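Every value quoted in this text rests on a predicted model; they were computed, and no experiment measured them. Chain A is the first sequence line, chain B the second, and so forth, proteins listed ahead of strands; every chain is numbered from 1.
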Amino acid sequence: MENIITPSPSSYSISLTHDTDSRNSSIIHKLESCKSLKELKQIHSYIIKTSPTLPHQTQQLVYTTIISISARTSNHVPDITYIHSLFNKLENPTIDLYNIVIRSFNHSNQNPLFALLFYSDLLVKGLIGDSFTYPYVLKSCTLSYALREGEQIHSHVIKNGFVLNLYVVNTLISFYGACGAMENAQKVFDESPERDLVTWTTLIQGYVKRGCLEKGMQVFYEMCEAGVRADEMTMVILISSCAKLRDINLGIKLHKYIYDHDLNFDVYICNALVDMYLKCGNPTLAIKLFNKMPLKNIVSWNSIILGLIQQGKFKIAMNVFKKMQSQKVKPDNITLVGVLNCCANLGTLKQGKWVHSYINKNGIKTDGFIGNALLDMYTKCGDIKKATYVFNHMKHKDVYTYTNMILGFAIHGEGQKALKLFSEMPKIGITPNDVTYLAVLMACAHCGFVKEGFNHFVNMLKVHNIKPQKEHYGCMVDLLGRAGLLSEAEDFIRNMNIEPDGLIWGALLAACGTHKNVEIGKRVMEKVDKMMDKDKDKDGAFILMSNLYSSENRFRDAFKLRKIMKERKIKKSPGCSSIEVDDVAYEFRKGDKSHQQTKEIYMLLDIMGKHLKNNDQIII
DNA sequence: TTAGGGTTAG
């Protein structure tokens with residue numbers, strides 16, 4: 001590499017003595033060969049030092065060349081001060097040069113609005129933007145969501161007669177769409193005499209981004225009527241919009257459109273389709289398409305894994321992850337969040353720990369999504385110590401981090417710790433949300449903090465303007481019920497601002513079971529029976545009540561209830577738990593005899609039960 | 001040197 005820090009004349013060898021043309025081309029060649037902005041600046045200063053009396057024309061050429069090189073080279077981040085200082089030295093910068101610089105800010109990691117400085121500079125110099133300038137400047141406004149500035153540019157577009165330019169029209173629609181000003185976007189669209197696929201797609205995209213999914217679809221139908229054929233990009237936008245609409249029939253029609261119009265089933269289209277089928281509740285079609293995909297990228301794997309998780313198919317999702325590993329596809333943060341979610345729901349602590357060590361080995365930061373997913377996994381898998389460790393080591397905590405940790409403490413019976421954490425939130429500027437309050441109320445319920453629970457329940461609306469939902473009311477019933485305040489719980493339900501459902505009455509019924517209160521239990525049971533539509537959802541309530549009768553020696557009532565269950569074909573759906581042994585998650589249901597070692601399992605269970613009854617310490 | 005730049009996470 002050349003020594004450019006202390007350049008010698010031979011290393012640059014710019015021929016300053018030859019004729020003008022050859023000297024100019026030598027300088028340009030040297031500047032063009034620069035690999036960084038630093039090098040460019042060094043050569044510039046070298047030229048100034050060694051030839052302070054360059055002819056005016058050559059000087060201007062040097063400035064123009066430096067500006068265009070520093071602006072157009074992708075690894076040269078535009079240095080706004082430097083470029084601006086060079087611009088000031090130029091007598092007549094051309095509109096082309098302005099365009100190059102303005103464009104460079106759209107591709108840099110600097111504030112795109114810097115482009116506007118150059119645009120106003122251009123106006124000061126008495127120049128007028130051309131058909132390239134406006135798309136570039138509008139793009140800068142789009143990237144910065146600068147509605148007011150963009151509107152001003154729009155007025156310049158009208159004044160300077162560029163409203164008929166399709167590139168300008170399309171960028172205007174995109175700009176208004178990004179800023180959420182869909183009325184303006186639609187107006188530009190309506191007033192344009194010419195429209196192409198980009199115009200239609202941009203308008204559709206605008207509506208979809210705003211969440212106006214049906215309207216976006218309606219524009220697509222209008223586009224079809226206008227005889228414009230969609231391309232792959234249009235279809236991806238429509239399919240993902242359809243996924244959000246959860247409309248499988250529409251999804252199938254869009255799928256057919258791709259076939260009928262001979263579009264490419266590229267990786268984007270396939271990913272969008274897989275995601276759509278999963279979100280619309282058809283994992284079979286999603287898996288079929290996924291298996292047929294000729295080319296898969298990380299998004300394909302993530303879409304299928306996360307989609308299966310959304311469907312509650314954690315084991316299948318885990319198997320897909322294993323397949324992904326066997327094909328040597330490197331998981332990214334999104335995959336890991338999904339896998340941790342699986343571990344949390346399957347209770348597979350060992351696999352969760354493996355993911356944690358993978359994260360550490362690969363230097364992935366345990367912040368944000370990843371940190372929260374790790375925390376969730378440890379709390380749900382019952383390792384509160386590790387969960388606390390993860391929490392304490394997270395640098396950037398957000399409302400999800402706090403909610404997770406509070407919930408962790410709540411379900412582990414550490415109510416004081418949960419409430420202490422909750423009290424820390426406002427101090428560091430994190431506002432609790434509805435789920436945070438659910439965790440707080442759970443903590444109070446699990447630890448018998450009736451007074452605190454009520455205070456928090458009131459503060460939800462009073463302090464944070466969060467309207468309590470059914471789940472919060474359910475927690476309050478649970479809180480009173482667990483504390484044995486059964487009549488209070490019954491009154492609470494009757495005075496609620498929302499209509500109680502079977503689940504809320506069910507929470508009270510469970511408390512009646514715990515505290516052996518047959519009278520209230522009987523009343524509540526009748527309520528549950530009336531409230532719940534489907535008999536099959538009442539199984540838990542019937543069993544609870546029948547057990548309550550039995551525990552109070554009212555066997556005749558218990559028998560009567562069981563008889564009703566039989567007549568109405570109400571069957572108890574078996575509770576399910578899972579255990580992880582040697583990386584395999586085993587699920588168990590009551591009466592399940594499908595495991596090979598069923599005999600040994602039940603024998604051990606029997607022994608453990610006896611020990612537990614005697615309060616023995618169990619060592620296996 | 002032009003425009004839409006598309007798919008996956010609470």
So, OP1 or OP2 of B:dG5: does either fall under 4.0 Å of a side-chain N or O from A:Q205? yes

Considering only distance and modelled atom types, tabulate donor-acceptor pairs under 3.5 Å from the side chains of residues 352-365 of chain A, sequence neighbours left out.
residue: A:H356; atom: ND1; partner: A:Y378; partner atom: OH; Å: 2.8
residue: A:S357; atom: OG; partner: A:W354; partner atom: O; Å: 2.8
residue: A:N362; atom: ND2; partner: A:Y358; partner atom: O; Å: 2.8

Need one value for A:D332: base, sugar-phosphate or nothing, where a base atom within 4.0 Å counts as base even if backbone is also close, heavy atoms only. nothing

For A:L197, which contact category applies under a 4.0 Å heavy-atom criterion: base, sugar-phosphate, or nothing? base

Using a 4.0 Å heavy-atom cut-off, does A:Y134 contact any base of the nucleic acid, only the sugar-phosphate backbone, or nothing at all? nothing

So, A:F162 versus A:Y167, ring centres under 6.0 angstrom or not? no

Just checking A:D266: base, sugar-phosphate only, or nothing, at a heavy-atom cut-off of under 4.0 Å? base

From the set B:dG4, B:dA9, B:dG10, return the single nucleotide nearest to any side-chain atom of A:K279. B:dA9

Over how many whole Å does the gap from A:M394 atom CE to B:dG10 atom C1' extend? 12 Å

Please determine whether any donor N or O and acceptor N or O are separated by less than 3.5 Å between the side chain of A:T202 and the base of B:dG4. no

Does the ring of A:F132 meet both stacking tests against the six-membered base ring of B:dT1: centre distance under 5.5 Å and plane angle under 30°? yes

Could you give the CD-to-P distance, from A:E194 to B:dA3, as a whole number of Å? 16 Å

Looking across every strand, which nucleic acid part, if any, lies under 4.0 Å from A:D275 by heavy atom: base, sugar-phosphate, or nothing? sugar-phosphate

Can you find a side chain N or O atom of A:K139 that sits less than 4.0 Å from OP1 or OP2 on B:dG4? yes

Nearest-neighbour nucleotide for the A:R103 side chain, B:dA9, B:dG6, B:dT1 considered: B:dT1

Rounded to whole Å, how long is the line connecting atom CG of A:D367 with atom P of B:dG10? 18 Å

Looking at B:dA9 and A:F369: do their rings stack (centroid distance under 5.5 Å, interplanar angle under 30°)? yes

For this output row, return yes or no: ring centroids of A:F220 and A:Y257 closer than 6.0 angstrom. yes

Whole-Å distance separating the OH atom of A:Y136 from the P atom of B:dG4: 11 Å

I'd like to check the side-chain contact (heavy atoms from CB on, under 4.5 Å) partners of A:T64; sequence neighbours left out, ordered by chain and number. A:L90, A:L97

At under 4.0 Å between heavy atoms, what does A:N106 touch on the DNA or RNA strands: base, sugar-phosphate, or nothing? nothing

Which part of the nucleic acid, if any, lies within contact of A:K296, taking any heavy atom under 4.0 Å across all strands shown: a base, the sugar-phosphate backbone alone, or nothing? nothing

Scan A:T199 against the nucleic acid and name what it touches under 4.0 Å (heavy atoms): base, sugar-phosphate only, or nothing. nothing

More than 12 heavy atoms of other residues, nucleotides or ligands under 6.0 Å from NZ of A:K313: yes or no? no

Nearest whole angstrom, please: distance from the P of B:dT8 to the CZ of A:F321. 20 Å

Determine whether the aromatic ring centres of A:H154 and A:F175 lie less than 6.0 Å apart. no

Nearest to side-chain heavy atoms of A:V236, which nucleotide of B:dA3, B:dT8, B:dG6: B:dG6

Side chain of A:D196 - closest among B:dA3, B:dG4, B:dT7: B:dA3

Under 4.0 angstrom, heavy atoms only, what part of the nucleic acid is A:D96 near: base, sugar-phosphate, or nothing? base

Remember a base hit wins even if backbone is also touched, and classify A:S303 as base, sugar-phosphate or nothing at under 4.0 Å, heavy atoms. sugar-phosphate

Heavy atoms only, 4.0 Å cut-off, all strands: where does A:D231 land among base, sugar-phosphate and nothing? base

Under 5.5 Å and under 30°: A:Y167 stacked on B:dT2: yes

Just how far, in rounded Å, is C1' of B:dA9 from CG of A:L308? 15 Å

Taken to the nearest whole Å, OH/A:Y268 to P/B:dT7 is 9 Å

What is the separation between atom CD1 on A:I305 and atom C1' on B:dT7, rounded to the nearest whole Å? 15 Å

A:K209 side-chain N/O to B:dG5 phosphate OP1/OP2 under 4.0 Å: yes

Determine the contact category for A:L306: base if any of its heavy atoms lies under 4.0 Å from a base atom, sugar-phosphate if only primed atoms, P, OP1 or OP2 are that close, otherwise nothing. sugar-phosphate

With A:K256 as the cation and A:Y259 as the aromatic partner, state whether NZ or CZ is under 6.0 Å from the six-membered ring centre and within 45° of the axis. no

Would you say A:Q310 reaches B:dT8's phosphate, i.e. side-chain N/O to OP1/OP2 under 4.0 Å? no

